[in-house]
Amino acid sequence: MADEEAKKVVLDKSDFLNWYNDVVDVSFLCDKRYPIKGMNVWTPYGWKIMQLMDASIRRECDATGHQEVCFPLLIPKTEFQKEADHIKGFDSEVFWVTKGGNNELDIPLLLRPTSETAMYPIFSLWVRSHNDLPLKTYQIVNVFRYETKMTRAFIRVREIHFFEAHTCHKDAEDAEMQIREDCAIMDRVARDLCLPYILTRRPDWDKFAGAVYTIGVDTLLPSRRTLQLGSIHQYHENFARPYDIKYEGSDKQHHYAHQTTYGMSERMVGAVIGVHGDNKGLILPPAIAPFQFVIIPIPAKGKLEQVMDGARALEKELIALGHRVHLDARDVRPGSKHYDWEIKGVPVRIELGPRDLENGTLVFARRDLSTKRTVKRADLKEEALKELKDIEGELLSRAKAIIDDGIRRASTVEEAKEHLSKGWDGIIQTGWCTDMDCAAEMEKALDKAFLGYPLKDVASGELLFSDGQCMICGKPTKDVVYLGRSY
RNA sequence: GGGGCUGUAGGGUAGCAUGGUCCAUCCUAGCUGCUUGGGGUGCAGUUGACCUGAGUUCAAAUCUCAGCAGCCCCA
């Protein structure tokens with residue numbers, strides 16, 4: 001099937017999970033027919049979106065002094081086992097390589113589920129003195145996790161296109177600064193995706209295996225369930241000790257490095273699909289749309305060549321202006337081109353026909369609002385920029401509206417149920433005394449899981465506190481928690 | 001982790017209960033030709049499939065078992 005063509009189905013976003021599968025299918029972002037569970041093929045169009053997201057991440061990492069590296073895919077079992085909590089966390093979901101040719105391997109190798117245990121033995125060689133710090137690295141590679149639950153394109157897969165930053169610092173304070181920088185990077189990347197998000201510190205039982213604490217970055221889908229965009233981890237010396245990452249300080253003493261990591265994945269593609277898409281298909285934010293403009297020529301008898309010449313000139317000019325453009329020159333009717341590119345989420349379709357050639361105009365069709373307007377050909381530069389900016393603004397404000405109505409406060413179970421009884425099923429903000437029994441009872445009463453402790457804002461990294469009471473036992477507490485449901 | 005359902009051309013389906021009617025139905029997409037062209041043109045012709053393996057049987061798309069894959073529900 002040619003990449004340009006889209007299939008016909010009836011999309012219904014009110015049935016979110018089916019809608020999601022259908023929209024991935026018809027927009028053909030990946031080919032799910034590869035015969036291994038949870039391993040899909042990236043199509044040219046889907047891969048381009050991922051690459052543009054990667055480019056956004058690379059730009060931000062490079063600008064903040066990170067260096068891109070690439071570590072091997074295989075990790076010896078012996079290295080993997082050095083940090084106890086880490087093993088426990090990943091044990092059940094690693095793929096093992098146990099044979100080379102016909103020979104059993106002496107030391108089994110595993111496909112990285114994440115790269116701590118691949119990188120840190122080498123970090124211990126790289127980090128010698130305080131002059132080597134901070135060490136800020138990242139890589140964009142595939143990781144493997146043996147998911148036993150049902151897989152879902154981009155959201156739960158076994159081969160994951162993954163970004164991971166790994167840093168080493170001289171002390172805890174420097175590592176904290178890194179985490180704040182990570183939040184700032186997240187903020188800029190999320191802006192490209194037009195996705196607002198929620199920052200929470202995960203509860204202890206839900207933190208990354210081996211971390212001191214984990215900050216989760218979640219966006220909210222229209223179904224008011226969360227989808228994780230990324231996570232940021234503070235390790236302190238937890239990995240530096242078993243992997244012996246030490247440096248000699250200016251005090252001539254040897255110290256363990258303090259480490260952080262930051263992860264994001266192809267799940268962001270899932271989030272963009274889920275948050276922005278509608279019953280006509282995808283809606284892509286301009287920053288990551290493979291084509292920001294698609295030109296649809298409207299031919300007429302005897303004027304085909306003139307129209308095509310005009311279309312080619314228009315294409316050339318838009319490219320020169322720095323936009324990603326596609327001229328759809330297929331010999332099919334214009335109407336079917338509209339449908340095809342609508343499904344694929346192209347922000348702006350530009351019609352150019354004989355009338356436009358005569359009048360010196362173009363017709364802009366916006367994907368997000370489904371509106372058309374006529375613009376002067378002479379104003380192309382300004383109009384093109386304005387259109388993309390307007391679309392970004394519209395997508396962001398729609399997504400913000402989902403989050404704004406997605407979190408509600410409740411100090412008692414009754415109050416929470418009051419919210420939930422009206423068909424609203426979002427995130428509940430409440431107080432928690434930190435007692436585990438209360439946590440379990442809370443999750444059960446609300447039929448939701450702990451998301452974590454919300455952060456006050458991106459810049460400070462501080463938690464949001466308030467004078468409240470535990471939802472279950474009523475004891476006074478300053479701790480504020482979010483409970484919700486996730487994909 | 002437990003349970004249920006499903007697997008037929010690129011996609012969607014009929015056939016399966018009661019094995020033979022099926023070198024397998026229809027829609028769509030593909031290909032060839034003509035026609036058409038500001039939101040899914042129309043006509044004619046045409047290519048293409050029973051998930052894999054084992055079993056039962058004179059005979060398997062259809063029954064049995066296993067594997068693989070997909071979907072759903074519950075914990």
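Note on naming: letters A, B, ... go to the chains in the order of the sequence lines (proteins, then strands), and numbering restarts at 1 for each one.
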Report yes if a side-chain nitrogen or oxygen of A:Arg349 is closer than 4.0 Å to either non-bridging phosphate oxygen (OP1 or OP2) of B:rG38; otherwise report no.
no
Nearest-angstrom distance from the residue atom NZ of A:Lys149 to P of B:rG2
12 Å
Please determine whether a side-chain nitrogen or oxygen atom of A:Lys337 lies at a distance below 4.0 Å from atom OP1 or OP2 of B:rG39.
no
Look through every strand shown and name the nucleotide pairing with B:rC58 as Watson-Crick or G-U wobble, where both distances are under 3.5 Å.
B:rG20
Can you tell which of B:rG37, B:rC72, B:rG11 lies closest to the side chain of A:Arg33?
B:rG11
When the ring planes of A:Tyr45 and A:Trp341 are compared, do they come out parallel, tilted or perpendicular, using 30° and 60° as the limits?
tilted
Protein-nucleotides 41-50 of chain B N/O pairs under 3.5 Å:
{"from": "B:rU41", "atom 1": "O4'", "to": "A:Arg333", "atom 2": "NH1", "distance (Å)": "2.7"}

Could you state the atom-to-atom distance from CG of A:Asp328 to C1' of B:rG37 in whole Å?
13 Å
Side chain A:His419, main chain A:Asp425, donor-acceptor under 3.5 Å:
no
Could you let me know what B:rA69 is paired to, Watson-Crick or G-U wobble, both distances under 3.5 Å, or none if it's on its own?
B:rU6
Under 3.5 Å on both distances, the Watson-Crick or G-U partner of B:rC31:
B:rG45
B:rA49 and B:rG12, which share atom name C1', separated by this distance in whole Å:
13 Å
What are the residues of residues 303-319 of chain A, sorted by number, that bring a heavy atom to within less than 4.0 Å of RNA chain B?
none
Any side-chain heavy atom of A:Lys280 within less than 4.5 Å of one from A:Ile343?
no
In terms of side-chain heavy atoms of A:Pro299, which of B:rA69, B:rG39, B:rG37 is nearest?
B:rG37
Going by the angle between their ring planes, with limits at 30° and 60°, are A:Tyr262 and A:Phe163 parallel, tilted or perpendicular?
perpendicular
From the list B:rC72, B:rG70, B:rG39, which nucleotide is the closest neighbour of the side chain of A:Thr151?
B:rG70
What residues from residues 354-364 of chain A pass a heavy-atom cutoff of under 4.0 Å to RNA chain B?
A:Pro354, A:Arg355, A:Asp356, A:Val363
